[in-house]
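Reviewing the structure listed below.
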Amino acid sequence: MTSGTASSDGRAQDALSGRPKVAIVTGASSGIGLEMVKRLIEKGYRAVANSRNITSAMTLTSTADLKLVDGDIGIEETAKRVVSTTIQSFGAVDLLVNNAGIFIPKPFTEYTAEDFRRVTQTNLAGFFYVSQLAVAQMRLQKFGHVVNISSSLASQTI
């Protein structure tokens with residue numbers, strides 16, 4: 001489901017239209033997500049970066065090629081805002097990087113109802129809402145990629 005090349009200056013672009021590639025990265029205010037956004041921008045992508053407080057984190061600055069969307073990706077309205085910002089700003093979604101996730105470092109038998117809600121909202125609903133919306137756009141375009149980033153903690157029980 002992809003169509004892409006690099007321009008003469010090495011920037012990632014769509015092979016058919018010649019437009020820059022477009023990415024969404026969740027959990028983008030620090031760590032892997034932050035570095036992913038930086039590298040995508042370096043490679044010529046346009047991007048929308050999301051985290052709960054991406055603007056106040058001040059690790060990225062909004063530009064013509066980078067839009068920041070604050071909010072919990074586990075809330076459906078935030079996912080809608082992220083994808084609609086991407087389409088309105090750049091006209092396509094070529095890549096979705098699901099990087100947002102939380103871990104509460106205690107045995108699950110000690111999780112409170114709020115702990116459980118937070119983990120499932122971010123780690124499950126966050127993946128679901130934004131993926132569903134981004135893939136719907138990719139299907140219209142007839143191309144796109146989804147990358148899901150997980151922690152090694154996912155294979156270890158607490």
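The first residue of the sequence shown is numbered 1, and numbering continues consecutively from there. Given the structure is predicted, the values throughout are model-derived calculations rather than measurements.
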Minimal non-hydrogen separation, A23 against Y45, with atom names = CB-CD2, 3.9 Å
key: V82 with I75, same ILVMFWY side-chain cluster at under 4.5 Å   = no
key: Interatomic distance, L60 atom CG to S30 atom OG [nearest 0.5 angstrom]   = 10.0 Å
message = If the threshold is 4.0 Å, N to carboxylate O, is there a salt bridge linking K38 and E42?
response = no
inquiry  = A side-chain contact here means heavy atoms from C-beta on lying under 4.5 Å apart; do T61 and L66 qualify?
reply    = no
message = Donor-acceptor pair, distance only, cut-off 3.5 Å: does the side chain of T78 make one with the backbone of D72?
response = yes
task = Would you mind reporting whether N53 and T55 have side-chain heavy atoms less than 4.5 Å apart?
result = no
query = Short question: side chain of D94, backbone of V22 - any donor-acceptor pair under 3.5 Å?
reply = yes
inquiry  = Set out, in order, the CA-CA distance, both residues' side-chain angles and the distance that settles side chain to side chain contact (heavy atoms under 4.5 Å, CB included) for F90 and T85, then state yes or no.
reply    = CA-CA 8 Å; F90 306 125; T85 296; over 6 Å; no
task = To the nearest 0.5 Å, tell me how far I41 CD1 sits from R46 CZ.
result = 9.5 Å
remark   = Shortest non-hydrogen pair, M138 vs H145, comes out as CE-O, 3.1 Å
ask   = Closest approach of V37 and A49, non-hydrogen atoms and distance?
value = CG2-CB, 4.0 Å
request  = Please round to the nearest 0.5 Å and tell me the distance separating atom OG1 of T59 and atom CG of L34.
outcome  = 4.5 Å
inquiry  = Assess, by modelled atom type and distance only, whether the side chains of T26 and N50 contain a donor and an acceptor separated by less than 3.5 Å.
reply    = no
request  = Look at the side chain of R81 and the backbone N and O of D70, then say whether any donor-acceptor pair between them is shorter than 3.5 Å.
outcome  = yes
key: Gap separating the CD atom of Q88 from the NZ atom of K67, nearest 0.5 angstrom   = 11.5 Å
ask   = So which heavy atom on A100 is nearest to which on G27, and how close?
value = CB-N, 3.7 Å
message = Tell me whether I32 at atom CD1 has more than 12 heavy atoms from other residues, nucleotides or ligands lying less than 6.0 Å away.
response = no
Backbone N/O of V93 and side chain of Q141: donor-acceptor pair under 3.5 Å = yes
task = May I ask you to decide whether D115 forms a salt bridge with K106, counting only side-chain N to carboxylate O separations under 4.0 Å?
result = yes
ask   = Side-chain contact, heavy-atom cut-off 4.5 Å: Y111 with V119?
value = yes
Smallest separation among heavy atoms of V25 and L40, with atom names = CG2-CD1, 3.8 Å
request  = Please round to the nearest 0.5 Å and tell me the distance separating atom CG of L96 and atom CD of Q137.
outcome  = 12.0 Å
ask   = Is it true that F116 and I104 fall in one hydrophobic cluster, defined by side-chain heavy atoms closer than 4.5 Å?
value = no
message = To the closest 0.5 Å, what do you measure between CD (E77) and NZ (K80)?
response = 4.5 Å
Donor-acceptor contacts, no H, no angles, side chain residues 122-131, under 3.5 Å, sequence neighbours left out:
unit_1 : atom_1 : unit_2 : atom_2 : d
T122   : OG1    : R52    : NH2    : 2.7
T122   : OG1    : R118   : O      : 3.4
N123   : OD1    : I102   : N      : 2.8
N123   : ND2    : I102   : O      : 2.9
S131   : OG     : N98    : ND2    : 2.9
S131   : OG     : F127   : O      : 2.7

key: Check: S89 side chain, T86 main-chain N or O, donor-acceptor pair, under 3.5 Å   = no
